[in-house]
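Read the structure below first, then the notes.
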Amino acid sequence: MSLLVVGLSHRSAPVSVLERAALSADAQVKLLQDTLATEPATEGAVLATCNRIELYADVDKFHAGVAELSTLLAQHSGVGLEELTPHLYVHYEDRAVHHLFSVACGLDSMVVGEGQILGQIKDALATAQEQHTAGRLLNDLFQQALRVGKRAHSETGIDRAGQSLVTFGLEQLSAGRAVEAWAKGKKALVIGAGSMSSLAAATLARVGVGEIVIANRTPDRAERLAEILTGGDDTDVLARAVPMDSVPVELTRADIAVSCTGATGLVLTAETVAAAVEGRTGTPAALRETTAGPAGRLAPADAGTEDACPLDLSAVQGATGFSVMGEAAVAGMDAATLEQHAAWVDKGTGTVERRDGRRTPGEDAEVDAELIAALAAAAATTGRIPERRRPEPVAEAPRPAPVLALLDLAMPRDIDAAVHRLLGVRFVDLESLAEASADAPMAADVDQVRRIVSDEVAAFGAAQRAAHITPTVVALRAMAADVVANEITRLDGRLPDLDDKQRGEITQTVRRVVDKLLHAPTVRVKQLAAEPGGAGYADALRTLFDLDPETVAAVSRAENNTENAKNRGRA
């Protein structure tokens, strides 16, 4: 087994990179085809979800495989290799198996324990089987991963540790209230009718929303989902389907909107959401006043407003890197202005005269001595050096209660991130969910799931190593059968008068002798091959019995073809 996985996820890359690297269904198929076209790979599968992109392959060369798979991911994701490489992770052989089994159990999910990943693994396997890129190794691996995931959910309480991404998102939207109480009777708009959108619609129905509207580019899928929701025995929700061009109108009626489509561009712009809020409230949707500028810096207009401040803020508002919170607050200004502003903040007075030109060394020493004395006196009084160039925090006006809750579960994003600044809107996306889930508690059952994963990885490795020697054992027994057949033919030539009964007895006796001689070595070699480091026993068997390598390879190909036919029948 030479299993290799190269990928990136919410644990290794920011959401902005994952968003740009997202693969459409067509791109995943093309990636699979190109993977098998490369020299190192003989099998391939792609696991692409809203928070991970992973390429699995059976390779014959590790370093060449890593280089090829990384390059292919960069080419098909559209993110340059140099930018993508720092966010990639690589797992090989048993570590790759351990990784996929952990993913299947929900241990590597954004929300620990969520079970939706099992459906996504099943879809990844089905696609690989349809494209004939999954051979014996990946078929066995993914099917075993599904069984391990189901075992973890049935034998442990991992479901209590986590929840679906939809449920977690609704909890964030409810802002601390019980989701059922918050959602009861509300009107919901679900954009998309795929697996995640269907889960969102079912979850919304379960928590008690009064009406669900499904919008999708393919009307049939939206109508079918609406029929399923309406016909459910455990809910009494009203559901209906609408075309995508009705979304702006439906948004004015909705209390909650969840979007998860496969679109490559924005589905809801900030302008569309603002218009919806205005349609609900009757007043234009104002932008939230914020003290944060680009990259989290405080906006210059929020500081330095005290009368008589000698620092001309308007002169540096456009300066790159300006921030009144940092040491580079007035980067690029002359030293005299810097000193006067520092003295003004330190002394709390606006009476410092502006100095122009250079000071003499004597003046420098005098000013420095005064500042040192002032700092020492302040430290003696307060016990610490006072912070400098830090304005008093600006109190933010309370926001009105949101009239529209938006949940974006798409990758790349469906909803313009700028909507979080609109008054009357509460917005949650994958990035904010990742931040919130970092502090989520993990249940004690997680340790039990980890033990299950470790046991299953060991068992899978042993089975694969044992399977690796099977073609050699089959080839050995085939060679022995040929030897028996040749000797019986030779005996017929020497003793042509033997009757059928005598010939049968002799043939049966020779075969029993050969089988008994081969039984113990072949059983033992399978046991030894299943242990770590047992791969060399197949080579030893081939060498000792002078087996034809091409015969062994032919047996292996025949077994793989039979196994692949069975897998395609199960898909």
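As a basis for the values below, the full set of heavy atoms in this structure was taken, side chains included, without hydrogen atoms, waters or symmetry mates.
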Worksheet item: Is any side-chain heavy atom of His99 less than 4.5 Å from a side-chain heavy atom of Tyr56?
Response: yes
Fill in: Side chain proximity check, Leu141 to Leu3, heavy atoms < 4.5 angstrom
yes
Fill in: Check: Ser12 side chain, Leu88 main-chain N or O, donor-acceptor pair, under 3.5 Å
no
Discussion item. Let me confirm one number: the CG-CZ distance from Leu137 to Phe460, rounded to the nearest 0.5 Å.
Written reply: 5.5 Å
Worksheet entry | Spatial distance of atom CD (Gln143) from atom CG (Leu125) [nearest 0.5 Å] | 5.5 Å
Worksheet item: Are the charged groups of Asp255 and Arg280 less than 4.0 angstrom apart, N to O?
Response: yes
Worksheet item: So, Lys30 and Asp34, do they make that salt bridge, N to O below 4.0 Å?
Response: yes
Worksheet item: Within 45° of the ring axis of Trp182 and under 6.0 Å from its six-membered ring centre, is that where the NZ or CZ of Lys186 lies?
Response: yes
Worksheet item: Between the main-chain N or O of Leu173 and the side-chain N or O of Arg426, is there a donor-acceptor pair closer than 3.5 Å?
Response: yes
Worksheet item: Are the charged groups of Arg136 and Asp58 less than 4.0 angstrom apart, N to O?
Response: no
Practice prompt. For the pair Arg95 and Val5, evaluate side-chain contact (heavy atoms from CB on, under 4.5 Å) and give the outcome as yes or no after the intermediate values.
Written response: CA-CA 9 Å; Arg95 290 302 307 170; Val5 55; over 6 Å; no
Discussion item. Do Ile214 and Arg240 have side chains that approach each other closer than 4.5 Å (heavy atoms only, starting at C-beta)?
Written reply: no
Worksheet, complete the sentence: On a heavy-atom basis, the closest approach of Leu409 and Leu430 is O-CD1, 4.0 Å
Worksheet entry | Side chain proximity check, Leu251 to Leu268, heavy atoms < 4.5 angstrom | yes
Worksheet entry | Non-hydrogen atoms of Ile212 and Ala201 that approach each other most closely | CD1-O, 3.3 Å
Fill in: Under 3.5 Å: donor-acceptor pair, side chain of Ser246, backbone of Val242
no
Discussion item. Which heavy atom of Leu229 sits nearest to which heavy atom of Ala205, and what is that distance?
Written reply: CD2-CB, 4.4 Å
Item to complete: With side-chain contact (heavy atoms from CB on, under 4.5 Å) as the test, would you mind laying out the steps for His420 and Ser432 before giving the verdict?
Response: CA-CA 11 Å; His420 82 281; Ser432 57; over 6 Å; no
Item to complete: Quick one: do Asp447 and Arg450 satisfy side-chain contact (heavy atoms from CB on, under 4.5 Å)? Show the steps, please.
Response: CA-CA 5 Å; Asp447 288 337; Arg450 287 174 175 157; 3.5 Å; yes
Fill in: Gap separating the CD atom of Glu130 from the CG atom of Asp123, nearest 0.5 angstrom
9.5 Å
Worksheet entry | Under-4.0 Å salt bridge between Arg224 and Glu227 | no
Worksheet item: Roughly how far, to the nearest 0.5 Å, is the CD atom of Glu171 from the CZ atom of Arg177?
Response: 13.5 Å
Worksheet item: So, Glu54 side chain and Gly7 main chain: donor-acceptor pair closer than 3.5 Å or not?
Response: no
Worksheet item: So, does Asp414 use its side chain to make a donor-acceptor pair with the main chain of Ala410 at under 3.5 Å?
Response: no
Discussion item. Quick one, Ser77 and Arg20 - any side-chain contact, counting heavy atoms below 4.5 Å?
Written reply: no
Worksheet item: Is Leu81 close to Thr71 at the side-chain level, that is, under 4.5 Å between some pair of heavy atoms?
Response: yes
Discussion item. Restricting to non-hydrogen atoms, name the atom on Asp108 and the atom on His10 that form the minimum distance, rounded to 0.1 Å.
Written reply: O-NE2, 3.1 Å
Discussion item. Test side-chain contact (heavy atoms from CB on, under 4.5 Å) on Leu4 and Leu69; report intermediate values, then the result.
Written reply: CA-CA 9 Å; Leu4 176 66; Leu69 298 192; 3.7 Å; yes
Worksheet item: Heavy atoms, side chains only, cut-off 4.5 Å: are Glu43 and Val59 in contact?
Response: no
Worksheet item: How many angstroms lie between NE2 in His87 and CG in Leu8, if you round to the nearest 0.5 Å?
Response: 8.0 Å
Item to complete: Indicate yes or no for a side-chain donor-acceptor contact from Thr133 to the backbone of Gly44 under 3.5 Å, with no hydrogens or angles considered.
Response: yes
Fill in: Minimum heavy-atom distance Val207-Ala183, with the two atoms named
CG2-CB, 3.8 Å
Response to the item:
Given the options Val247, Val258, Asn216, Ile191 meets side-chain contact (heavy atoms from CB on, under 4.5 Å) only with Val247
Discussion item. How long is the straight-line distance from CG of Leu225 back to OG of Ser198, given to the nearest 0.5 Å?
Written reply: 4.5 Å
Worksheet item: Going by heavy atoms in the side chains, are Val237 and Glu211 under 4.5 Å from each other?
Response: no
Worksheet entry | N-O pairing of Arg451 and Glu456 below 4.0 Å | no
Discussion item. Would you say that more than 12 heavy atoms from the other residues, nucleotides or ligands in this model lie under 6.0 Å from the CZ of Arg221, or not?
Written reply: no
Fill in: Cationic N near anionic O, under 4.0 Å, Glu155 to Lys150
no
Worksheet item: Side chain of Asn51, backbone of Ser9: donor and acceptor closer than 3.5 Å?
Response: no
Worksheet item: What heavy-atom pair brings Ala41 and Thr35 nearest, and what distance separates the two atoms?
Response: CB-O, 3.4 Å
